[in-house]
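Just so it is clear: chains get the letters A, B, ... in the order the sequence lines come, proteins before strands, and each one is counted from 1. Predicted, not measured: the structure shown is a model, and the values here were computed from it.
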Amino acid sequence: MDMQFFSEFMVMAISALTIENAVFTRALGINRTLLSAQRQKNLLIYGGILTLITTLASGICWWVTELLAGWEVPGMFRSVSFLVCISVLYLLFRGFCKLFLPRQAMQYFSGVFALAVFNCAVLGSVLLSALQAFTLSQFMGFGFGTGVGFTAAAFLLMEGRKRIELSRVPKAFQGLPATMIYIGLLSLTFFGLSGHLLLA
Amino acid sequence: MSLLNSTKAKRFFRRFDGVFQQNPVFVLGLGIPFAVCATTSLRHAAIVSIAMVCTGVPVSLLASLLGRHIPKWLRTTVYALVSALLLIPVRTYLQNYFQPATLEALGIYFSLMSVNTVIFYLGQSNRVVQEKPWWAVVIGLCASLGFSLALFLIAFFRELFGTGSIWGYPVELVPVKLSGLLMPFAGFFVLGFLGAFWQFAARAGNLLAEYRRSRKAKQKASPKEPRPAAEREE
């Protein structure tokens, strides 16, 4: 049973990290923090918080999905209930950090918490898992893989952006347009990697 | 000093920046997931735009009325929950005007409007929090219109050259149909190129305005030289 849980967890995690990467296949989680991050340490903290919240939220949201299915609640209330779970998790996590972290660290993290938690990647991951009726291990594996995949994508984007800034880019393409085209090229790579073919 | 250059006038016109100069998608880089994945057709763009207006304007109003009283660390939570609750009646209302298949094809992107970065930008922005409620509504409406304009532009190109149709109605004059335009990677490319065109147009507009201003200043600074005495006698 434990091995089956672990194997399903890992399979979904690797799938969410690679062929169903949240950033490159669904554009989830792309925001100004991701597009303007300069330091690897900040990105690592942001990605770490996102991964932790997504994994924990996946576990709680799986239980909520089972509950809502039992009560025959319409699907449109699913996102509200998931958001309530994520909000509760955010408040608990923030309270925990406030109790145990030093004040300076708390001041440093407080700006990042809300952005990392209320993110399209977090809510998108749990909604996708609910739509596909995953088991608990698959739910949590998908959530974990989404977080790790997001962090890996963030590092790729940061490195690419640094190289674009050092290159001679036409003025009209400087900033957001060049970054979008770069992400598009990476997305095309993942599209081909997953075995998709363009129809004629 | 010209009336249009006064501080009061600048403050007045800045409230309408959200449509062009501070467009949420092309300039500020907000709402990228929706610009990339919810623009495979004009109908999808319309649904997301309606959802944006129905959540962005109330959140701006809420931020103006109560933003100062809500702690900063709690604002994002409140705005996300309010948006999610507002999306329920919006979805019910939209089912009367769009086919269920169209709404289903949007997938998770309709529900994700509750964590749209445009809403958090409106809710956290000092401009909105410090404004009076009526002007906060105007700022929210302009940002929503700017977001909708960007989505419609992207969706127009993708649907026209992706499926050869506009709003689901086939267009026969389209020379080529590229099904790849409906994929997420094409959304990034179209967004990038349209963003570059937007930046080019904005820069051209600023240069033109600067040229006109400098020409007026030169005309004011150098009055016409008096004619020589010999010419005057003639």
Participant: Is the number of heavy atoms from other residues, nucleotides or ligands under 6.0 Å of A:Lys171 NZ greater than 12?
Facilitator: no

Participant: With side-chain contact (heavy atoms from CB on, under 4.5 Å) as the criterion, how do A:Phe191 and A:Thr25 come out once you've worked through the C-alpha distance, each side chain's angles and the decisive distance to 0.1 Å?
Facilitator: CA-CA 7 Å; A:Phe191 182 78; A:Thr25 60; over 6 Å; no

Participant: Below 4.5 Å from any heavy atom of chain A, which atoms of B:Tyr121 appear? Answer side chain, backbone, both or neither.
Facilitator: side chain

Participant: By a 4.5 Å heavy-atom criterion (distance strictly below it), what part of B:Thr92 contacts chain A: side chain, backbone, both, or neither?
Facilitator: side chain

Participant: Is B:Thr77 close to chain A through its backbone or its side chain, or both, or neither, when contacts mean heavy atoms under 4.5 Å?
Facilitator: both

Participant: Under 4.5 Å, heavy atom to heavy atom: which of residues 118-147 of chain A reach chain B? Give them by number, or say none.
Facilitator: A:Phe118, A:Asn119, A:Cys120, A:Leu123, A:Gly124, A:Leu127, A:Leu128, A:Leu131

Participant: Go through A:Val84, A:Leu115, A:Thr189, A:Ile30 and name the one with the most non-hydrogen pairs under 4.5 angstrom from chain B.
Facilitator: A:Ile30

Participant: Is the ring pair A:Phe9/A:Phe5 parallel, tilted or perpendicular, if the boundaries are 30 and 60 degrees?
Facilitator: parallel

Participant: Is B:Tyr109 in contact with chain A via its backbone, its side chain, both, or neither, using a 4.5 Å heavy-atom distance?
Facilitator: side chain

Participant: Heavy atom to heavy atom, less than 4.5 Å: which residues from residues 85-101 of chain A reach chain B?
Facilitator: A:Ser87, A:Tyr90, A:Leu91, A:Arg94

Participant: Go through A:Ser187, A:Ala114, A:Ala172, A:Gly29 and name the one with the most non-hydrogen pairs under 4.5 angstrom from chain B.
Facilitator: A:Ala172

Participant: Can you label the angle between the B:Phe193 ring and the A:Phe173 ring as parallel, tilted or perpendicular, going by 30° and 60°?
Facilitator: perpendicular

Participant: Need one label for B:Val82: side chain, backbone, both or neither, based on atoms under 4.5 Å from any heavy atom in chain A.
Facilitator: neither

Participant: Contact part of B:Ile88 toward chain A, heavy-atom cut-off under 4.5 Å: side chain, backbone, both or neither?
Facilitator: both

Participant: Under 6.0 Å from the six-membered ring centre of B:Phe98 and within 45° of its axis: does the NZ or CZ of B:Arg43 meet both?
Facilitator: no

Participant: Counting heavy-atom pairs under 4.5 Å to chain A, which of B:Leu74, B:Ile108, B:Leu87, B:Val36 comes out on top?
Facilitator: B:Ile108

Participant: Find the one option among A:Thr179, A:Ile183, A:Val23 whose heavy-atom pairs under 4.5 Å with chain B are most numerous.
Facilitator: A:Ile183

Participant: Under a 4.5 Å cut-off applied to non-hydrogen side-chain atoms, are B:Thr39 and B:His44 in contact?
Facilitator: no

Participant: Can you say whether A:Val117 sits under 4.5 Å from chain B via the side chain, the backbone, both, or neither, judging by heavy atoms?
Facilitator: neither

Participant: Hey, are B:Glu210 and B:Arg213 close enough for a salt bridge, meaning a charged N less than 4.0 Å from a carboxylate O?
Facilitator: yes

